[in-house]
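In listed order, ligands and their atoms are each counted from 1. No hydrogens, no waters, no symmetry mates; every other heavy atom, side chains included, goes into these values.
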Amino acid sequence: MNALGIALTAMAIMTLTLTSADSAVKPFVETREQRNAKMAWWREAKFGMFIHWGVYSVPAGKWEGKDVPSVGEWIMLHGKIPCADYQKLPEQFNPTKFDAAEWVKLAKQAGMKYIVITSKHHDGFAMFHSKTDPFNIYDATPFKRDPLKELAAACAKEGIKLGFYYSQAQDWNHPGGAAMAGGHWDKAQDGDMDKYLQDVAVPQVKELLTNYGPIAVMWWDTPADMNQQRADMLLPLLKLQPGIIMNNRLGFYDGDFGTPEQEIPKADSDNDWETCMTMNDTWGYKSTDNNWKSTQNLERNLIDIVSKGGNYLLNVGPDSLGQIPSPSVDRLKAIGNWLKTNGEAIYGTTRAPFTTMMFDGRATMKDNKLYLFVFNWPSDEIRLPDLRTSLQSARYLGINEQVDYTELPGTEMRASLVIAPPSHPDPIATVIELTYADKPVR
Ligand code: H79
């Protein structure tokens, strides 16, 4: 390649880089203060409940007697189920055990501050009484109730924020809706995506943001085939809910927060982000999935995430009767129990002032307090890096013992600390609250 060729290639790469950076455009014009005010409740909350509930809970992972190897809510695509057959499922969907108040109480008991529920997943089935299209839980099932209405009322009563997940691009039961992972498999799915957005997604999102009271979060999913023009059909609808925040999956536009799925980022970051995660291996209910994570694992995930500045959106997948599987209920109650005594170290905190931990655990901070979460104690002691302030007191949050600590001699303003193991460490994490004269920073 000659010099001109190299220069042109370099320019092409630069243009590409600029274009991709440019393509994440801020969806809203707002000052830093406005943004901080809008995000305040969410940054304080840390822990939310994701609910994946849909008509896929009827087949629950099995089609014509065979396991469909996929997550429960993707059964239609991975089973290549024809639209006409899938559209018969609602006849069998009668979740008579559904009790919105019970779900919201469980979320609250778990220490969760908000709920995000699937109002329509990629299968196109609306879990609310949509006037846009009869393929919804009110019109197409014997249930004849609107669970989102009931959930909104229960959330309002209990002071839990409510958000809606809505699959805006993928829709396998409406002509023109997108399909990832191989595309359409049934002629009935062919159509014009712009028309689908105009006739289905736009009016349904309008219904969701109009008829259910205050909605705190819009959780878009999978921006397949989205572009600016398509995103612009949906984005203005958010004006119906002042203060609403949205995730980064609308397409074209940036969101208010990032959405690592099934993973916890390695590094911390100044951006707002939320890890969404399943408790077993599926989002939507699957009768055969018993691969449950342990309470200790889930709890330590929450600690890990909060110590890096993120939120944890932990999923439950209710069955076709409207019941949250009991292994999920058990774990949520155990997490809530732990948070009752240790929650001070979680809610409203910010990420740790140091990234390299000198012990097996994590840290968070709030004002002049530093919280240490010790996962596993070494037989001797743990040590803290120097912090530019002096320690005033130390106490355990969840265990009834005095903290046995020594300050190492250092320069006056750079106290370092040695803590001996307690006689009864908490198997999830022993939490130590350290109060300093000033904000503990390195
Ligand atoms: O709603 C949950 C997923 O169904 C949804 N996002 C979460 C919150 C999601 N949609 N698309 N994706 C996630 C990314 C695509 C993943 C895929 Fe697959 C890998 C599609 C096919 C292979 C995961 C595994 C989904 C089906 C099988």
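- Of all the atoms in ligand 1, the ones that sit under 4.0 Å from a non-hydrogen atom of Met180 are 15 (C).
- Proximity of atom 19 (C) of ligand 1 to the protein is not indicated, since no non-hydrogen protein atom lies closer than 4.0 angstrom.
- Gln262 does not count as a contact of ligand 1, since none of its heavy atoms falls under 4.0 Å from the ligand.
- Listed by chain and number, the residues in a side-chain contact (heavy atoms from CB on, under 4.5 Å) with Ala181 are Trp74, Leu77 (sequence neighbours excluded).
- Counting heavy atoms of neighbouring residues, nucleotides and ligands inside a 6.0 Å radius, atom CG of Asp190 exceeds 12 of them.
- Counting atoms of ligand 1 from 1 in the listed order, those under 4.0 Å from a heavy atom of Tyr165 are 1 (O).
- Shown here, atom 16 (C) of ligand 1 is out of close reach of the protein: none of its heavy atoms lies under 4.0 Å off.
- Near Asp221, the atoms of ligand 1 lying under 4.0 angstrom from a non-hydrogen atom of the residue are 1 (O), 5 (C), 6 (N), 7 (C), 8 (C), 9 (C), 10 (N).
- Ligand 1 places these atoms under 4.0 Å from at least one heavy atom of Ser70: 26 (C), 27 (C).
- Taking a cut-off of under 4.0 Å to the non-hydrogen atoms of Val71, the atoms of ligand 1 that pass are 25 (C), 26 (C).
- Of the protein's non-hydrogen atoms, the one nearest atom 4 (O) of ligand 1 is Glu73 OE2, 2.6 Å.
- In terms of the salt bridge (Lys or Arg N to Asp or Glu O under 4.0 Å) criterion, Lys113 has no residue partners (sequence neighbours excluded).
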